[in-house]
Undergrad: 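Have a look at this one before I ask anything.
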Amino acid sequence: MANSVPCRWCGRPVIWVDSPTGRIPVENELVPYKRRADGRGVTLYTAEGARIQCDILPDSRERERHGYAHRYHFCGRRPTNYKPPSKRELEREEYRAWRAEMAGAGD
């Protein structure tokens with residue numbers, strides 16, 4: 001499993017999991033669950049990125065697994081107008097940092 005990182009806004013531990021639609025942030029909290037045959041229930045993601053429909057069973061002997069499912073991470077402190085940086089913006093910042101480092105190394 002990936003290492004947890006702190007949330008940018010609230011500081012709670014978050015894990016990034018690969019899902020069929022891309023990488024998603026999920027809580028770093030282990031949750032006991034039981035799969036549902038009818039395909040309804042709460043959507044959870046496993047550490048491997050599989051999407052499952054299940055019932056969360058906090059204190060039950062019927063649970064199938066414990067520790068592989070994670071809930072989405074919804075941060076109440078995240079700004080409503082936040083837009084994550086694009087890949088191009090991230091590459092531009094890396095290039096600027098590299099140029100600053102090279103300029104400082106020549107002194």
Undergrad: Apply side-chain contact (heavy atoms from CB on, under 4.5 Å) to residues Val26 and Trp16 and explain how you reach the verdict.
TA: CA-CA 6 Å; Val26 294; Trp16 287 88; over 6 Å; no
Undergrad: For Arg96, is there an ion pair with Glu93 - N to carboxylate O distance below 4.0 angstrom?
TA: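 Judged by the 4.0 Å cut-off on N to carboxylate O distance, Glu93 and Arg96 do form a salt bridge.
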Undergrad: Side-chain heavy atoms nearer than 4.5 Å, only ILVMFWY residues, links allowed to pass through others: does that put Leu90 and Tyr95 together?
TA: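 Result: no, two separate clusters.
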Undergrad: How long is the straight-line distance from OG of Ser4 back to CZ of Arg12, given to the nearest 0.5 Å?
TA: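 Output value for this atom pair is 12.5 Å.
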